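The structure displayed is predicted, hence computed values, not measured ones. Quick note on labels: first sequence line is chain A, next is B, and so on, each numbered from 1.
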2 protein chains.
Amino acid sequence: MLLNPRPDPAPSAHDRVYRGLRGRIMHGELAPGLALTLRGIGAEFDVSMTPAREAVRRLSAEGALTISSSGRVSTPELSNERIEELVALRALLEVELASRALPRAHIALIERLQSINSRIAEDIARQDAVAYIRRNLEFHRTLYLRAQTPAMLAMAETVWLQLGPTMRALYGRLRRKDPPHYHRLIISALKAGDEPGLRLAVRSDVTQGLRMLVT
Amino acid sequence: MLLNPRPDPAPSAHDRVYRGLRGRIMHGELAPGLALTLRGIGAEFDVSMTPAREAVRRLSAEGALTISSSGRVSTPELSNERIEELVALRALLEVELASRALPRAHIALIERLQSINSRIAEDIARQDAVAYIRRNLEFHRTLYLRAQTPAMLAMAETVWLQLGPTMRALYGRLRRKDPPHYHRLIISALKAGDEPGLRLAVRSDVTQGLRMLVT
DNA sequence: TGGCGGGTTTCGTGATCACAAAAGAGGAAT
DNA sequence: ATTCCTCTTTTGTGATCACGAAACCCGCCA
């Protein structure tokens with residue numbers, strides 16, 4: 001028996017479109033309020049309208065896209081109230097995820113987090129907002145994977161997805177020079193096995209950018 | 001200008017299908033592991049396969065349906081680990097929702113909750129599992145609506161949706177005779193403005209059924 | 001009695017098409 | 001210069017169809 005030769009020999013068309021769009025939205029490559037068309041998406045991924053529509057509908061179910069009453073598709077423009085709510089959700093879910101990951105966080109994981117963190121510093125030096133967002137989410141996901149709670153992680157990723165376009169608008173405006181301070185606090189708390197400190201550090205890291213978002 | 005005469009003159013076909021299936025799943029009218037077909041769904045709602053497929057894909061994105069590698073659609077059969085995780089998510093989200101609703105809970109709301117609660121007692125006496133589940137969720141939704149946090153409420157409903165078929169299997173097995181004890185505790189805590197008591201009561205109510213679920 | 005083939009039916013996928021509604025462009029009237 | 005109207009283009013919706021693969025049924029063989 002071959003071990004995992006290619007478990008996905010023929011990925012379906014709608015899944016390719018879904019994954020492609022999802023990545024761009026989550027990583028902030030699409031500005032808020034950007035209009036999309038089914039035919040355009042289909043042409044871009046070289047498929048017909050049918051799989052494009054399925055991908056769009058799935059993404060709108062996850063809050064990654066909004067569909068107007070007339071069916072027009074666009075990236076969401078979030079109100080301040082909704083942004084605050086989504087940040088509160090991030091805090092709620094991610095504090096729990098970090099807390100559950102803590103007892104399973106070995107030294108190898110911590111080293112991996114430090115490695116990601118140093119690459120975040122490079123992205124900041126390069127002023128690459130998209131790479132920064134992607135790497136920042138990789139930092140969080142790497143930690144939360146250790147919680148072994150896939151449904152909870154999926155919910156957190158759904159929140160990231162909804163905040164994607166808005167985060168781009170934020171970090172494009174923000175001229176950051178230093179890597180995120182609270183990431184170092186998270187790593188320290190992990191090393192020390194300090195759960196209250198970890199919860200506070202994660203909450204602070206998630207909440208930190210909120211002040212600049214609310215205009 | 002007419003005030004809200006009929007803001008929805010022509011509901012789209014896929015939305016009708018989506019809402020119909022979603023209600024049945026959330027209220028436990030479909031057993032876990034039940035197989036569905038796109039053509040069957042289309043025939044039932046009198047539409048073609050296209051809107052049926054969109055509705056199914058949206059529901060699978062929300063975890064209300066599972067799609068096998070060959071594309072077959074069925075209601076999910078949850079493992080014990082996933083059930084525990086979803087119950088933990090319910091506790092996390094709903095405790096927060098209740099806490100946010102507390103300062104806005106006027107007497108009219110509390111009376112409405114009591115009214116729903118007494119109707120739950122009737123459903124129990126009638127041994128009507130579906131009505132019981134629906135009314136129980138109505139109790140929780142009525143409270144959480146006061147939190148004025150639509151994204152958070154939507155996440156909680158998504159969790160209910162995923163647990164729908166499993167809850168049916170549980171409450172069908174369980175021969176309950178008394179209305180849920182913790183609902184009375186929730187109402188008492190609301191009356192007293194007792195936030196810690198409210199959080200504990202909600203958490204207990206959500207967690208209570210778990211013991212029987214895990215075989 | 002229990003497992004194994006082979007043919008048949010059923011099913012999901014994705015492309016295409018007709019239709020209606022919405023958006024956009026461009027000019028005329030004020 | 002601005003508003004309004006009309007014609008054209010663009011867009012989403014839903015039905016239909018061909019195709020390939022998966023599931024099913026039923027009889028055969030051990």
Side-chain angles (χ1 to χ4, degrees), chain A residues 1-2 5-22 24-25 30-77, chain B residues 1-2 5-22 24-25 30-77:
Chain A
M1 186 221 303
L2 291 179
R6 239 332 164 187
D8 200 19
S12 56
H14 74 263
D15 217 55
R16 271 187 24 240
V17 179
Y18 168 75
R19 266 194 258 273
L21 285 179
R22 179 185 146 104
R24 289 197 216 166
I25 294 170
L30 271 49
L34 181 69
L36 300 176
T37 66
L38 297 183
R39 286 175 175 88
I41 294 169
E44 185 165 359
F45 289 88
D46 212 56
V47 296
S48 80
M49 296 176 58
T50 310
R53 220 177 357 161
E54 294 177 36
V56 162
R57 225 169 269 293
R58 180 165 175 193
L59 287 165
S60 83
E62 296 171 349
L65 291 174
T66 55
I67 300 188
S68 78
S69 60
S70 67
R72 298 311 223 264
V73 183
S74 60
T75 52
E77 298 183 280
Chain B
M1 186 219 302
L2 290 180
R6 241 332 164 186
D8 201 21
S12 56
H14 75 262
D15 216 55
R16 270 187 24 240
V17 179
Y18 168 76
R19 266 193 257 273
L21 286 179
R22 179 185 145 104
R24 290 197 215 166
I25 295 170
L30 272 47
L34 181 70
L36 301 175
T37 66
L38 297 183
R39 286 175 173 90
I41 294 169
E44 186 166 355
F45 289 88
D46 211 57
V47 297
S48 80
M49 296 175 58
T50 310
R53 220 171 4 155
E54 294 177 36
V56 162
R57 224 168 269 293
R58 181 167 174 189
L59 287 165
S60 82
E62 295 171 350
L65 291 174
T66 55
I67 301 188
S68 78
S69 60
S70 68
R72 297 313 223 263
V73 183
S74 59
T75 52
E77 297 183 279

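The rotation axes computed at either terminus of the helix from dT1(C)-dA30(D) to dT30(C)-dA1(D) lie 30° apart, taking five pairs at each end and rounding to 10 degrees.
Taking all atoms of both residues into account, the shortest heavy-atom contact from T75(B) to A31(B) is OG1-O, 2.7 Å.
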Query - Where protein sits on nucleotides 6-11 of chain C, one letter per nucleotide: B base, S sugar-phosphate only, - none, heavy atoms under 4.0 Å - result: -----B
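Taking the side-chain contact (heavy atoms from CB on, under 4.5 Å) definition, one finds that S74(B) meets it with T66(B), sequence neighbours left out. Contacts of S68(A) classified as side-chain contact (heavy atoms from CB on, under 4.5 Å), with partners at least two apart in sequence or in another chain: S70(A), R72(A).
Here chain B contacts DNA chain D (any atom closer than 4.0 Å to a heavy atom, that is under 4.0 Å), and the contacts span dG14(D) to dA23(D) from 5' to 3'.
Listed in residue order, the members of residues 46-57 of chain A having a heavy atom less than 4.0 Å from DNA chain C are V47(A), S48(A), T50(A), P51(A).
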For residues 54-65 of chain B, run the donor-acceptor check on the side chains, cut-off 3.5 Å, and write out each pair with its distance to 0.1 Å, sequence neighbours left out.
{"from": "E54(B)", "atom 1": "OE1", "to": "R57(A)", "atom 2": "NE", "distance (Å)": "2.4"}
{"from": "E54(B)", "atom 1": "OE1", "to": "R57(A)", "atom 2": "NH2", "distance (Å)": "3.2"}
{"from": "E54(B)", "atom 1": "OE2", "to": "R53(A)", "atom 2": "NH1", "distance (Å)": "3.2"}
{"from": "R57(B)", "atom 1": "NE", "to": "E54(A)", "atom 2": "OE1", "distance (Å)": "2.4"}
{"from": "R57(B)", "atom 1": "NH1", "to": "H14(A)", "atom 2": "NE2", "distance (Å)": "2.9"}
{"from": "R57(B)", "atom 1": "NH2", "to": "E54(A)", "atom 2": "OE1", "distance (Å)": "3.2"}
{"from": "S60(B)", "atom 1": "OG", "to": "R57(B)", "atom 2": "O", "distance (Å)": "3.0"}
{"from": "E62(B)", "atom 1": "OE1", "to": "Y18(B)", "atom 2": "OH", "distance (Å)": "3.0"}
{"from": "E62(B)", "atom 1": "OE2", "to": "Y18(B)", "atom 2": "OH", "distance (Å)": "2.9"}

Please set out all donor-acceptor pairs under 3.5 angstrom arising from side-chain atoms of residues 32-45 of chain A, sequence neighbours excluded.
{"from": "T37(A)", "atom 1": "OG1", "to": "G40(A)", "atom 2": "N", "distance (Å)": "2.9"}
{"from": "E44(A)", "atom 1": "OE2", "to": "R24(A)", "atom 2": "NH1", "distance (Å)": "2.8"}
{"from": "E44(A)", "atom 1": "OE2", "to": "R24(A)", "atom 2": "NH2", "distance (Å)": "2.8"}

